[in-house]
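Take a look at the structure set out below.
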Amino acid sequence: MKYQTQKIALAYFVVAMALFAVQVTMGLVLGWIYISPNFLSEILPFNVGRMLHTNSLIVWLLLGFFGAAYYLIPEEAEREIHSPKLAWLQLAIFVIGTAGVVVTYLFNLFDGNWLLGNEGREFIEQPRWVKVGIVVAALIFLYNISMTVLAGRKTAITNILLLGLWGLALLFLFAFVNPDNLALDKMYWWYIVHLWVEGTWELVMASILAFLMLKLTGVDREVVEKWLYVIAALALFSGILGTGHHYYWIGTPGYWQWIGSIFSSFEVAPFFAMMSFAFVMVWKGRRDHPNKAALLWSLGCATLAFFGAGVWGFLHTLHGVNYYSHGTQITAAHGHLAFYGAYVCLNLAIITYALPHLLGRDPYNQVLNMVSFWLMSGGVVFMTFTLTFAGTIQTHLQRVNGEGYMDVQDQLWLFYAMRFGSGVAVVLGAVLFIYAVLVPRREIIERGASQPAE
């Protein structure tokens, strides 16, 4: 490690991996409920389990982004983090808020209370006091990293990363806007949900991926930065008006069907550019970096993001298709592969790269780490195909033939069983990953911690 304050990232990564374990475990429980609907119905209702599954996903990904920023910004800015104490305070606020959310969800505390109770809006169900805490923590984070960058070297990586992180924080303010009109509520809601994952988060993804390619391949910074600016431009050009594909059926004017269809079709472009960028950098790279697992996760991130967010997104984004397919298991197939490829793999890539440096040892047990990649990725890909087939059948039976929702669900049992099997593979892969990156190899313990390769 070149800078001591990079160690702050370790705590963020550890908390993120703990929540990652919670997320995949809850996903497995929910997968079994699809097969046996009465499972835990009185102890853990499905809607509560789903909130824990989705909220833990969002929080651990954010913590991963924060940890990545605290790790890479000192190297890019060539100076220590402005205030380590503020970074620790920010983490404490997130941990306390997460604990409060879990307790509120599990025990349905303060139901109906405007300040302390569950707000009930999907993905942003957090009580109002937790939302305020998130804003405070975000302001602390943005001040801390912005002051670090402003006082140090400015690079394309830090510029795009800051743009993404500032945009992410500002868009979250719409969580406090909750109109009585449901159509208007959904418009503001998509400002957060869509413009995060198909806007600002893509900028964060591109900048972290660029940092990894720079370190792992040895390609000239000028080449990396040119690719990065092109990817960022494509992401914003397609993503902002691409929000329109969520406005098809919520009561907005009909022109959104054309705007959404046209610009959503372009949303494939930034993900194709990121995949091309990653493979071209490896092809042109002059460095044989010892951390092969980090390179595998980076290439897997770019590839699976292209198929999950790009290809599977395009499959049902045109309004003529979406009229029949929206809200079916096709949406779930797209969501799982897109989130896994674009953001889960990204966080696991930077964790895989950074932890040997943060823990001061060799690139650990890379074989186990790479096995975890293939186990998790294979599980998610198989899950995507099973849900795609289930969604196709559901669309025909429910939307074309007009059969009842629950009657159709009974006919999809086989696909849900296969989905559960793929979920088992994902959980095993997650456990293997956490073990591989945190538990040192025996030979390292015997000879003492060795310094990682640059």
Side-chain angles (χ1 to χ4, degrees), residues 1-4 6-7 9 13 64-65 67-79 148-149 152-162 164 202-232 270-306 341-342 345-367 369-370 373 436-437 450-454:
M1 268 194 321
K2 295 180 181 179
Y3 301 94
Q4 289 304 306
Q6 286 180 287
K7 289 182 179 178
F13 289 151
F65 294 163
Y70 283 127
Y71 181 82
L72 70 85
I73 281 180
E75 288 199 23
E76 289 293 298
E78 296 182 337
R79 61 176 289 115
T148 305
V149 171
R153 181 180 65 160
K154 288 81 174 173
T155 68
I157 291 174
T158 56
N159 291 343
I160 300 299
L161 182 62
L162 281 175
E202 284 186 36
L203 301 184
V204 174
M205 175 190 176
S207 57
I208 295 175
L209 194 60
F211 175 80
L212 287 168
M213 289 295 105
L214 194 65
K215 296 296 182 181
L216 294 171
T217 67
V219 171
D220 291 341
R221 179 178 289 274
E222 182 181 353
V223 176
V224 172
E225 291 185 343
K226 286 178 180 177
W227 275 90
L228 181 56
Y229 280 124
V230 170
I231 292 167
F271 289 103
F272 180 75
M274 274 189 266
M275 182 177 68
S276 303
F277 161 67
F279 281 92
V280 169
M281 293 305 100
V282 173
W283 173 54
K284 288 188 172 183
R286 304 183 305 273
R287 181 177 299 167
D288 184 21
H289 199 281
N291 198 332
K292 306 299 183 187
L295 186 60
L296 177 63
W297 280 107
S298 300
L299 293 175
C301 164
T303 303
L304 293 174
F306 167 67
C345 286
L346 178 72
N347 271 345
L348 300 186
I350 189 67
I351 289 171
T352 296
Y353 175 78
L355 278 191
H357 298 267
L358 294 171
L359 297 174
R361 57 174 179 253
D362 281 345
Y364 55 92
N365 196 329
Q366 291 200 71
V367 174
N369 189 301
M370 289 189 279
F373 168 82
V437 296
S450 59
Q451 294 298 317
E454 289 294 331

TODO: Please identify each residue that fulfils side chain to side chain donor-acceptor pair (under 3.5 Å) with Thr352, with sequence neighbours left out.
DONE: Asn369
TODO: Working to the nearest 0.5 Å, report the span between CG of Asp220 and CE of Met281.
DONE: 9.5 Å
- [ ] For residues Val219 and Leu214, report the shortest heavy-atom separation together with the two atoms involved.
- [x] O-CD1, 3.5 Å
- [ ] State which residues pass side chain to side chain donor-acceptor pair (under 3.5 Å) with Glu78; sequence neighbours excluded, sorted by chain then number.
- [x] none
Show me the side-chain donor-acceptor pairs of residues 204-212 shorter than 3.5 Å, one per line, residues at least two apart or across chains.
from: Ser207; atom 1: OG; to: Leu203; atom 2: O; distance (Å): 3.1
from: Ser207; atom 1: OG; to: Val204; atom 2: O; distance (Å): 2.9

- [ ] Determine the minimum heavy-atom distance between Lys7 and Leu358, stating which atoms define it.
- [x] CA-CD2, 3.9 Å
- [ ] Would you check if the side chain of Lys215 reaches a backbone N or O of Met213 as a donor-acceptor pair within less than 3.5 Å?
- [x] no
- [ ] Look up atom CZ in Phe271 and atom CD1 in Ile231, then write down how far apart they are to the nearest 0.5 Å.
- [x] 10.5 Å
TODO: With sequence neighbours excluded, tell me which residues meet side chain to side chain donor-acceptor pair (under 3.5 Å) with Arg79.
DONE: none
Task: Heavy-atom side-chain proximity of Phe13 to Val437 below 4.5 angstrom - done: no
TODO: Rounded to the nearest 0.5 Å, what's the gap from CD1 on Ile157 to CD on Glu225? Could you check?
DONE: 6.5 Å
TODO: Would you sort out whether Leu72 and Leu161 count as a side-chain contact (heavy atoms from CB on, under 4.5 Å), showing the intermediate values?
DONE: CA-CA 10 Å; Leu72 70 85; Leu161 182 62; 3.9 Å; yes
Open item on the list: Looking at every non-hydrogen atom in both residues, tell me the closest pair between Asn291 and Pro356 and how far apart they are.
Closed with: ND2-CG, 4.0 Å
TODO: Give every residue pair that meets the ring pair (Phe, Tyr, Trp, His ring centres under 6.0 Å) criterion with at least one member in residues 213-232, sequence neighbours excluded.
DONE: Trp227-Phe277
Open item on the list: Would you compute the distance between atom CG of Leu216 and atom CH2 of Trp297 and round it to the nearest 0.5 angstrom?
Closed with: 14.5 Å
Open item on the list: Would you compute the distance between atom CD1 of Ile351 and atom CG of Leu346 and round it to the nearest 0.5 angstrom?
Closed with: 9.5 Å
Task: Within-4.5 Å side-chain heavy-atom neighbours: Val149 and Lys154 - done: yes
Open item on the list: Around atom OH of Tyr3, are there more than 12 heavy atoms from other residues, nucleotides or ligands closer than 6.0 Å?
Closed with: yes
Open item on the list: For Lys284, I'd like to know if atom NZ has over 12 heavy atoms of other residues, nucleotides or ligands within 6.0 Å.
Closed with: no
Task: Non-neighbouring partners of Thr155 that pass side chain to side chain donor-acceptor pair (under 3.5 Å), sequence neighbours left out - done: Glu76, Thr158
Task: Shortest non-hydrogen separation from Tyr71 to Ala9 and the atoms involved - done: CB-CB, 3.8 Å
Open item on the list: To the nearest 0.5 Å, what is the distance between SG on Cys301 and CZ on Phe373?
Closed with: 9.5 Å
Open item on the list: Strictly distance-based, threshold 3.5 Å: is any side-chain N or O of Gln6 a donor or acceptor partner for the main-chain N or O of Ala354?
Closed with: no
